[in-house]
Every structure is written in C-alpha cells, then in structure tokens.
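The first residue in the sequence is number 1, and the count goes up from there. Here the structure is a predicted model, which means the values were calculated and not measured. Whatever order the structure lists them in is the order used to number ligands and atoms, beginning at 1.
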Amino acid sequence: MFGELIDKFDGIFKKLRGAGKLTEKNIKDSLREVRRALLEADVNYKVTKEFIKNVEQLAVGEKVLKSIEPGQQIIKIVHDELIKLLGEKTEPLAPIDKSPTIYMLNGLQGSGKTTLSGKLALEAKRKNKKALLVAADIYRPAAVKQLQVVGKSIDVEVFSLEGEKPQKICTEAKKYAEKNFFDLMIIDTAGRLHIDDELMNELEEIKAKVNPDELLLVADAMTGQDAVNVSEQFHKRLGISGVVLTKLDGDARGGAAISIRAVTGCPIKMVSTGEKLSDLEVFHPDRMASRILGMGDIVSLVEKTGQTIDMEQAAKLEEKLRKNAFTLEDFYDQMQQLKKMGPLESIMGMIPGANKALKGVQIDESGIVRVEAMIQSMTPKERQNPEIIDGSRKRRIADGSGNSVQHINQLLKQFSAMRKMMKNMSKMKFKNLPKGASPFQM
Ligand SMILES: Nc1nc2c(ncn2[C@@H]2O[C@H](COP(=O)(O)OP(=O)(O)OP(=O)(O)O)[C@@H](O)[C@H]2O)c(=O)[nH]1
Ligand SMILES: [Mg+2]
C-alpha cells in the first residue's frame with residue numbers, strides 16, 4: 001500500500017532537493033505534481049485542493065525562498081500538513097477501565113468486523129484483561145460459528161443466544177459480563193451490502209441499550225472513496241467514535257486513509273494490516289505521514305520488533321552492527337526472528353530507504369526456505385566472510401543446496417542490501433524498550 005505514492009513523492013522531493021535555487025515557478029510545478037500524485041492515489045478531490053492551497057501559502061513565502069535549504073523546507077511543510085490532514089495526534093481506544101468496557105463494531109459486509117473482534121480480544125488478553133465476544137450477527141448463516149472459531153483460537157469466550165434479536169443478545173451479554181467480571185465486551189454486529197434503514201435502526205437501538213464506550217466503524221481501505229462515504233454516513237446516523245481501517249496490507253492506493261479524517265472529522269484509531277489476529281496497529285498520523293513520504297517508520301518497527309524479538313539477542317546484534325560484523329550467520333538468525341514478525345513486505349516498508357534499497361530485490365516468502373538451504377550449504381568461514389564466496393564456491397553451494405548460481409548471487413545481493421539497512425537500524429535503541437513493549441494503548 002502507498003507504494004506508488006511513495007515513489008512519486010520520492011521523485012518530486014529529489015527534484016526539489018536538487019533544484020539548487022528555488023523559484024516560485026518551480027515550487028508551483030512541484031506542487032502540481034504533488035496534487036496529481038494525491039489524486040491518483042484516490043485522495044478526495046476537495047481534500048487535495050485544500051491541502052495544496054495550504055502548502056502553497058506556506059511554501060511560496062519569502063522566508064522559505066531565502067532559507068539555506070529551501071527544498072528541505074518545502075518537504076517539511078508537506079510533511080507537517082500531511083500530519084495535520086491525518087489527524088495530528090494519536091487517538092487511542094477508550095481505556096478498559098470498567099466492568100465491562102464496551103466496544104461495538106459496525107460496518108458493511110466483509111469489511112473485517114469479525115476479524116477485528118478477534119484482534120481486539122487478543123490484544124486485551126495480552127494486557128491481562130478478560131474479554132467477551134458477543135455474536136450479534138444473526139443474519140448471515142455461520143456468522144456465529146465464525147466468531148466462535150475466532151474465540152476458540154485465542155481462548156476467549158463467545159456469548160450468543162439462539163433465536164433472539166441482536167438488541168436482546170447485547171443487553172443480555174452486558175448483564176452476563178457484569179455478573180462475571182469481564183473487563184471488555186466486544187460486539188460483532190451484522191454487515192450489510194449497503195447502508196439501509198433496517199440495519200441503522202438496529203444499530204441505533206443496540207447503542208441506546210448498551211451505551212458503548214467505543215463505537216467503531218470498520219472500513220475496508222481497498223474500497224477507496226467508498227470507505228470515506230460509508231464512514232461519513234455511519235457517523236451522521238450513529239455518531240461513531242472512531243474508524244478502524246482494514247486491509248491496509250492490500251494494494252489499496254491509500255486515498256481512504258488520507259481523506260477519512262478530513263472528510264468525516266472522525267479519527268482513524270487503528271489500522272488492520274492482515275488476516276492474522278496479530279496484524280493490528282495503532283494509527284499514528286505522524287508516523288503514517290513519514291511512511292507515505294518515504295521517510296520510513298522506525299518507531300513502529302522498533303515497537304513491532306520489541307514485541308517479538310528476543311531482547312538479549314537484539315542487544316548482541318546491535319553490538320555486531322556497530323562493529324560492522326554482521327555476517328550471513330546473523331542474517332540466518334535474523335530470518336528466523338523476522339519470520340515471527342509477519343510478512344516481510346510490511347516490515348520493510350517501515351525502514352527508511354528500504355523501499356528504494358530493495359527495489360528489484362524480490363522478497364519472496366516461499367523463497368525463505370531456499371535461502372535457509374543455501375546458507376546451510378556454506379562453510380562457517382563463508383558465512384562469516386561472504387566476500388570470499390567466488391565462482392567455484394558459488395557453484396558448490398548451489399549444487400549442495402539444489403539451487404542455481406543465480407540464486408546464490410541473488411542471496412548475496414540481498415544480504416548486502418540488508419547489511420546496509422541494518423547499519424541504519426543499529427542507531428535504534430532496542431535496549432530502551434521494556435520487554436514485551438506493546439504499541440497498543442488500551
Ligand atoms: N488482507 C486482509 N484481509 C482481511 C483484513 N481484515 C479482514 N480480512 C479478511 O476479510 C474477510 C472478511 O472479514 P470478516 O472479519 O469476516 O468481515 P466482516 O465484516 O465480519 O464480514 P460480515 O460478517 O460478512 O459482514 C476475511 O476473509 C478476512 O480474513 C485485513 O486487515 N487484511
Ligand atoms: Mg462478521
């Protein structure tokens with residue numbers, strides 16, 4: 001996601017930096033390109049227009065033109081304005097501080113409500129909170145069963161009542177949660193193909209009956225401006241407290257993420273980035289802006305790493321990186337660690353410059369097994385000093401691991417790109433993170 005937009009910004013910014021002297025004209029030209037890039041990423045037309053107007057006002061000032069690095073100044077203005085557009089500050093979910101705190105999930109069919117229910121319950125569980133999932137979708141066949149499967153996979157109880165209406169199910173669930181000291185109750189409501197009165201009435205009634213602490217709209221980022229429209233309509237009717245954008249791992253162009261806050265006035269609180277129950281992130285406007293502008297998102301990466309990487313090993317790695325002694329053996333260990341973190345693509349996108357550095361280098365998850373075989377076929381000396389791997393060694397390793405020399409070359413290229421990135425990452429302070437640090441503020 002954001003891939004194309006990041007590329008375009010990269011090109012525009014490169015020109016700005018290299019322009020030497022900036023004039024009103026080349027600033028205007030750049031902004032025209034920014035405008036086009038945003039529109040092509042499916043950002044709302046009015047939002048784009050307003051954005052460009054604001055940036056232009058700030059950028060075409062005498063102060064900027066006379067500054068030492070005018071190009072850099074304009075990039076900073078774009079960055080700041082983008083953060084404003086995305087909502088400025090992080091809006092955490094309502095704290096889980098009563099028995100029960102209630103999150104109600106709403107949204108169109110297939111937007112990801114049931115999956116999100118599981119994700120939120122899992123996160124609550126990680127915080128030692130007792131969660132209850134409530135099956136309020138009685139319309140789609142097997143919807144209750146689906147939630148039960150999710151609940152079972154994370155060992156969270158599911159509340160359901162056969163033959164009852166959702167309103168009744170939710171009020172009964174609240175009583176049950178109160179009586180049994182649940183900390184969090186998550187209501188998984190039914191979806192519809194389109195917004196209709198019947199659905200809205202039902203949701204309104206549930207809201208009135210259980211008075212949720214968080215009324216979240218779950219919107220599919222892949223649907224672009226439709227996600228924005230749906231959010232707006234739900235907000236008008238129900239008064240939602242926030243939006244969770246799902247499927248940001250897909251090839252959505254990003255327009256929804258960029259426009260929702262500006263169009264609806266509702267904050268994006270969380271983003272969902274995959275089908276696995278651990279694929280959930282807090283939405284940080286500043287970090288998202290950096291990611292979109294190709295500046296990476298080191299903070300989220302550190303947090304993600306903090307969750308899954310063994311801290312002691314990370315400290316050792318940091319030491320090695322500082323000494324520039326990172327070897328293929330460490331690479332192998334890192335691969336094992338990375339595998340725990342989720343799809344490589346989503347991790348690479350957070351590393352500044354990685355999008356560019358890894359261009360053309362295929363990140364092929366299924367290829368990991370192959371890479372492991374190749375490293376296993378190397379001698380310890382080769383793993384320590386990949387530089388000594390010459391033509392005949394390559395052939396031997398290729399034969400030993402059942403690969404071609406081309407594959408070995410590819411691995412060495414990938415390793416050297418990784419080594420460069422790792423050097424950048426080594427500036428991060430793994431050690432300052434508490435064990436099991438979590439990006440969630442619940
Ligand atoms: N790639 C990706 N897939 C997702 C994400 N969230 C949900 N899905 C998938 O989207 C599909 C629909 O998800 P559900 O959670 O069943 O959606 P729902 O809103 O409960 O759907 P209904 O109950 O039919 O209204 C499933 O195949 C999920 O695995 C996400 O963040 N990324
Ligand atoms: Mg569902």
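- Here the heavy atom of the protein found nearest to atom 32 (N) of ligand 1 is D249 OD1, 2.9 Å.
- Just one of I169, I102, I186 meets the side chain to side chain contact (heavy atoms under 4.5 Å, CB included) condition when paired with V134; it is I169.
- A side-chain donor from one of Q146 and R140 sits under 3.5 Å from a side-chain acceptor of the other.
- Ligand 1 does not have R192 within reach: every non-hydrogen atom of the residue lies 4.0 Å or more from it.
- Looking only at protein heavy atoms, the nearest one to atom 27 (O) of ligand 1 is E275 OE1, 3.7 Å.
- Of all the atoms in ligand 1, the ones that sit under 4.0 Å from a non-hydrogen atom of G191 are 25 (O).
- Distance from atom 22 (P) of ligand 1 to its nearest protein heavy atom, with residue and atom name: G110 N, 3.5 Å.
- Shown here for L277 and K119, the closest heavy-atom pair between the two residues is O-CG, 3.2 Å.
- With respect to atom 8 (N) of ligand 1, the closest heavy atom belonging to the protein is K247 CE, 3.8 Å.
- Of all non-hydrogen atoms in M378 and L411, the two that sit nearest each other are CE-CD2, 3.8 Å.
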Would K84 and D80 satisfy salt bridge (Lys or Arg N to Asp or Glu O under 4.0 Å), going step by step from the backbone distance to the final call?
CA-CA 6 Å; K84 270 192 211 158; D80 291 348; over 6 Å; no
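- A salt bridge between K165 and E205 is absent, with no side-chain N of the basic residue lying under 4.0 Å from a carboxylate O of the acidic one.
- Counting protein heavy atoms only, atom 30 (C) of ligand 1 is closest to G274 O, 3.3 Å.
- Taking a cut-off of under 4.0 Å to the non-hydrogen atoms of Q146, the atoms of ligand 1 that pass are 16 (O).
- For atom 25 (O) of ligand 1, the closest heavy atom belonging to the protein is K113 NZ, 2.8 Å.
- Proximity of G107 to ligand 1 is not established, as no heavy-atom distance is less than 4.0 Å.
- Close approach of ligand 1 to T114 (heavy-atom distance below 4.0 Å) involves ligand atoms 15 (O), 18 (P), 20 (O), 23 (O).
- Remark: minimum distance from atom 31 (O) of ligand 1 to any protein heavy atom is reached at S272 OG, 2.5 Å.
- For the 3.5 Å distance criterion, the side chains of N106 and R237 fail to qualify, holding no donor opposite an acceptor.
- Remark: K129 does not engage E123 in a salt bridge, criterion side-chain N to carboxylate O under 4.0 Å.
- Considering every non-hydrogen atom in both A37 and L5, the closest pair reads O-CD1, 3.5 Å.
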Give the intermediate values and the outcome of side chain to side chain donor-acceptor pair (under 3.5 Å) for residues T264 and H235.
CA-CA 8 Å; T264 67; H235 189 43; over 6 Å; no
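- Less than 4.0 angstrom separates some heavy atom of R140 from each of these atoms of ligand 1: 22 (P), 23 (O), 24 (O).
- Closest to atom 13 (O) of ligand 1, if we only count protein heavy atoms, is T115 OG1, 3.5 Å.
- Under a 4.0 angstrom heavy-atom cut-off, S111 registers as being in contact with ligand 1.
- The Mg ion (ligand 2) has no N, O or S atom of Q109 inside 2.8 Å of it.
- Across every non-hydrogen atom of V144 and S160, the tightest pair is CG1-CB, 3.9 Å.
- Residue D137 places a heavy atom less than 4.0 Å from ligand 1.
- In terms of N/O distances under 3.5 Å, ligand 1 is not approached by L248.
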